[in-house]
Colleague: 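What follows is a single structure, and I will ask about it in a moment.
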Amino acid sequence: MANYTVMNPGKHHLGVSFNFPPIQNRTYKEDLIIKSIKWKTSTLIGRRIYVGNVEIVDSDGKARLLSDSIFKSKSNKFDTFTMDRRIDVAVGDGEEIIRLAGYADRILQFKQNTLHVINATKDSEFLESTHKFKGVSNHNAVCETDYGIAWCNAHGVYLYNGEQILDIFEKQGLRSISDSTWNTFYKADETMIGYIADTRQLLVVRGVTDVSGNGDVMLYNMVTQSWTKATGRITSEDKTNLVNIWDGRLVFGYESDTHEITVVPWKVDPTSASLDVVDGYKVQTKELNFGTQSRKKVSKVRITYKGTGTNVNVLPKYAINGGDFSHSFQDENGIAISNIAGSANWAEIELYTDSNANNIRSFAIQLTDSSAANVVSNFEVNDITIIYRTKSVK
């Protein structure tokens, strides 16, 4: 009964339509009958299907486009829609419904600029709240997680947890991703988001079309509430949307040179590789002021890591007060650390600072390639601990 169509790469969404035969042996008023219905988005809540941005053919055979309306099916009758089961919370506002998402007993109705939260706890749904500037530009800018519904737009990345909307660019009153960084990364109508269930991470992919830079990604760890940005981490070929399959893995498809679609999972584990890039391997934190502008002393940094090989070809350095990463860490004997020793199991290394890390306002860490050949082993970091002391005000 259902016709499923996978759009071409770059369109990155599934178009779904249902065409029903004439309703028979049902006691509906003639003017309530919908002969056929198509929609651009849907969600399932409480044994009902809610569909949005619809095109219907009514009882008179007239086609009608209702881009800002929602229709709901009867309970346990997912193919039954009638005109009296139409939900309108904001019509005629110049915006159409881009995506519907359900979490618990709430429906999130995303339009281009506005998010409407609809309460579906009772037989009659009602508008619970409206949030300006929280809409999305494309269907794939929204994903479901076990923490709630996550999405991205031109202003940032957000999470609805069933009670409130959280701006996950902010942590303890400080913004972890700057406006300039996000504005450079984000592409309207292309940037998409997915959820990696095994590692509790959000994956944000810059673009879907075969353009340089569209393989760049940002990862948000929902446990540590931290962000990581990587360039060229995913193919820059034309890509489909990100989808969680039956076992929870996040997969996507891309178009090969032969114009065939190859579906692959997102790989969580790192692999040893020669990096064919100019700058080689480089990871660095933002400037950390530890929640205060007062002066402080950073005495050492403790990193839990693993990576095989005699050395992992990673050089740790640090920066102070917004400067460059020109300061070297030392071991407990005062000898500069030029390479982190390899370890097949999780290990801990203590990196000591020198007098440059005294009486400072901010501190940042960089891990970069220490080899001449741009070769970094399969290096993983579990956590970074910074030991510091706030200086007394005189």
Side-chain angles (χ1 to χ4, degrees), residues 140-141 143 145 150 152 156-157 168-169 171 175-187 190-242 249-252 254 264-288 303-307 312-317 319 325 340 364-371 374-384:
N140 302 309
C143 71
T145 79
C152 62
V157 183
I168 55 179
F169 275 174
K171 182 179 179 181
R175 190 173 175 90
S176 55
I177 302 295
S178 67
D179 288 336
S180 60
T181 298
W182 181 244
N183 290 338
T184 301
F185 179 87
Y186 179 80
K187 296 182 70 174
E190 285 203 39
T191 298
M192 57 183 177
I193 190 170
Y195 182 56
I196 308 168
D198 287 345
T199 56
R200 302 292 194 274
Q201 290 176 310
L202 290 175
L203 172 66
V204 185
V205 179
R206 183 171 186 262
V208 298
T209 53
D210 187 8
V211 176
S212 176
N214 277 359
D216 296 352
V217 302
M218 296 179 72
L219 276 170
Y220 177 70
N221 190 307
M222 304 185 82
V223 177
T224 62
Q225 299 180 15
S226 58
W227 282 96
T228 304
K229 184 177 182 292
T231 57
R233 183 62 179 84
I234 197 171
T235 178
S236 61
E237 303 288 343
D238 288 341
K239 294 179 284 295
T240 67
N241 50 321
L242 302 167
R249 286 183 298 166
L250 186 68
V251 303
F252 66 96
Y254 68 92
V264 294
W266 170 261
K267 295 182 179 179
V268 176
D269 297 329
T271 57
S272 299
S274 177
L275 303 178
D276 187 19
V277 292
V278 175
D279 294 331
Y281 174 84
K282 182 187 294 182
V283 175
Q284 60 191 45
T285 70
K286 67 171 186 176
E287 284 188 69
L288 304 167
I303 300 178
T304 305
Y305 73 97
K306 68 177 177 179
V312 292
N313 299 318
V314 172
L315 169 65
K317 287 193 172 185
F325 292 92
I340 295 178
I365 302 168
Q366 181 189 76
L367 301 173
T368 188
D369 196 332
S370 67
S371 71
N374 283 342
V375 178
V376 173
S377 298
N378 51 344
F379 182 67
E380 296 181 63
V381 174
N382 184 73
D383 59 80
I384 299 177

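Start at 1 with the first residue, then count along the sequence.
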Colleague: Rounded to the nearest 0.5 Å, what's the gap from OG1 on Thr181 to NZ on Lys229? Could you check?
Modeller: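 Going from OG1 on Thr181 over to NZ on Lys229, the span is 7.5 Å.
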Colleague: Does Thr199 form a side chain to side chain contact (heavy atoms under 4.5 Å, CB included) with Asn221? I'd like the steps, not just the answer.
Modeller: CA-CA 8 Å; Thr199 56; Asn221 190 307; over 6 Å; no
Colleague: For the pair Asn214 (side chain) and Ser236 (backbone), establish whether a donor and an acceptor sit closer than 3.5 Å, ignoring hydrogens and angles.
Modeller: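 Flag not set: sc Asn214 to bb Ser236 has no pair under 3.5 Å.
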Colleague: Under 4.5 Å between any side-chain heavy atoms of Leu250 and Pro265, yes or no?
Modeller: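 No, side chains not in contact.
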Colleague: Taking side chain as C-beta onward, heavy atoms only, is Val208 less than 4.5 Å from Asp238?
Modeller: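 No, side chains not in contact.
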Colleague: I'd like to know if the side chain of Thr209 and the backbone of Val211 have a donor-acceptor N/O pair within less than 3.5 Å.
Modeller: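 Not confirmed, Thr209 side chain does not pair with Val211 backbone.
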Colleague: What pairs with Lys317 under salt bridge (Lys or Arg N to Asp or Glu O under 4.0 Å), at least two apart in sequence or on another chain?
Modeller: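 Lys317: no salt bridge (Lys or Arg N to Asp or Glu O under 4.0 Å) contacts found.
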Colleague: What's the spacing between Leu203 CG and Ile196 CD1 if we round to 0.5 Å?
Modeller: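 CD1 of Ile196 is found 5.0 Å from CG of Leu203.
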Colleague: Within this structure, what is the SG-CD1 distance for the pair Cys152 and Ile193, rounded to the nearest 0.5 Å?
Modeller: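 Here the interatomic distance stands at 5.0 Å.
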Colleague: Without hydrogens or angle criteria, can the side chains of Thr368 and Gln366 be said to hold a donor-acceptor pair below 3.5 Å?
Modeller: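 Per modelled atom types, Thr368 and Gln366 side chains form no pair under 3.5 Å.
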Colleague: Check whether any side-chain heavy atom of Leu367 lies under 4.5 Å from a side-chain heavy atom of Val381, and answer yes or no.
Modeller: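 Counting from C-beta outward, Leu367 and Val381 do come under 4.5 Å.
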Colleague: Can you sort out the partners of Asp198 under side-chain contact (heavy atoms from CB on, under 4.5 Å), two or more places apart, ordered by chain and number?
Modeller: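 Once residues adjacent in sequence are excluded, Asp198 has no partner under the side-chain contact (heavy atoms from CB on, under 4.5 Å) criterion.
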Colleague: Atom CD in Glu380, atom OH in Tyr305: separation rounded to 0.5 Å?
Modeller: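 Between Glu380 CD and Tyr305 OH, I get 12.5 Å after rounding to 0.5 Å.
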Colleague: Check the pair Met218 / Ile177 against side chain to side chain contact (heavy atoms under 4.5 Å, CB included), numbers first and verdict last.
Modeller: CA-CA 10 Å; Met218 296 179 72; Ile177 302 295; 3.7 Å; yes
Colleague: Can Tyr195 and Gln201 be said to form a side chain to side chain contact (heavy atoms under 4.5 Å, CB included), step by step?
Modeller: CA-CA 6 Å; Tyr195 182 56; Gln201 290 176 310; over 6 Å; no
Colleague: With sequence neighbours left out, what residues match Thr228 under side-chain hydrogen bond (donor to acceptor under 3.5 Å, both in side chains)?
Modeller: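 None.
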Colleague: Do Asn378 and Lys306 meet the criterion of a side-chain donor-acceptor pair at a distance under 3.5 Å?
Modeller: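 Looking only at side-chain atoms, Lys306 and Asn378 do not form any donor-acceptor pair under 3.5 Å.
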Colleague: Who are the ring pair (Phe, Tyr, Trp, His ring centres under 6.0 Å) partners of Phe325, not counting sequence neighbours?
Modeller: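 Ring pair (Phe, Tyr, Trp, His ring centres under 6.0 Å) check on Phe325 returns nothing, list empty.
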Colleague: List the steps and the verdict of side chain to side chain contact (heavy atoms under 4.5 Å, CB included) for Ile365 and Gln284.
Modeller: CA-CA 6 Å; Ile365 302 168; Gln284 60 191 45; over 6 Å; no
Colleague: Does some side-chain heavy atom of Cys143 sit less than 4.5 Å from a side-chain heavy atom of Leu202?
Modeller: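 In short, these two side chains touch, coming nearer than 4.5 Å.
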Colleague: Is there a donor in the side chain of Thr304 and an acceptor in the side chain of Asp383, or the other way round, less than 3.5 Å apart?
Modeller: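 Yes.
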Colleague: Would you compute the distance between atom CD of Glu190 and atom CZ of Arg206 and round it to the nearest 0.5 angstrom?
Modeller: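 The CZ atom of Arg206 is 8.5 Å from CD of Glu190, to the nearest 0.5 Å.
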Colleague: Are Arg175 and Trp182 in a cation-pi setup, meaning NZ or CZ lies under 6.0 angstrom from the ring centre and within 45 degrees of the ring axis?
Modeller: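 No, Arg175 and Trp182 do not form such a contact.
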Colleague: Atom OH of Tyr254 and atom NZ of Lys239: how far apart are they, to the nearest 0.5 Å?
Modeller: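 Here the rounded value is 11.0 Å.
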Colleague: Going by ring pair (Phe, Tyr, Trp, His ring centres under 6.0 Å), name the residues that satisfy it together with Tyr220, two or more places apart in sequence or in a different chain.
Modeller: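 Tyr220: ring pair (Phe, Tyr, Trp, His ring centres under 6.0 Å) contacts with Trp227.
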Colleague: Which residues pass the side-chain hydrogen bond (donor to acceptor under 3.5 Å, both in side chains) test with Ser176, not counting sequence neighbours?
Modeller: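 Ser176 satisfies side-chain hydrogen bond (donor to acceptor under 3.5 Å, both in side chains) with no other residue.
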Colleague: Picking from Val205, Leu242, Ile234, what satisfies side chain to side chain contact (heavy atoms under 4.5 Å, CB included) with Trp266?
Modeller: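 Looking at Val205, Leu242, Ile234, the match for Trp266 under the side chain to side chain contact (heavy atoms under 4.5 Å, CB included) is Ile234.
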Colleague: Considering non-hydrogen atoms only, spot the tightest contact between Thr224 and Lys171 and give its length.
Modeller: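 Here Thr224 and Lys171 meet closest at O-NZ, 3.4 Å.
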Colleague: Ignoring hydrogens and angles, tell me if any N or O in the side chain of Asn183 forms a donor-acceptor pair with the backbone of Asp179 under 3.5 Å.
Modeller: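 Checked: pair present.
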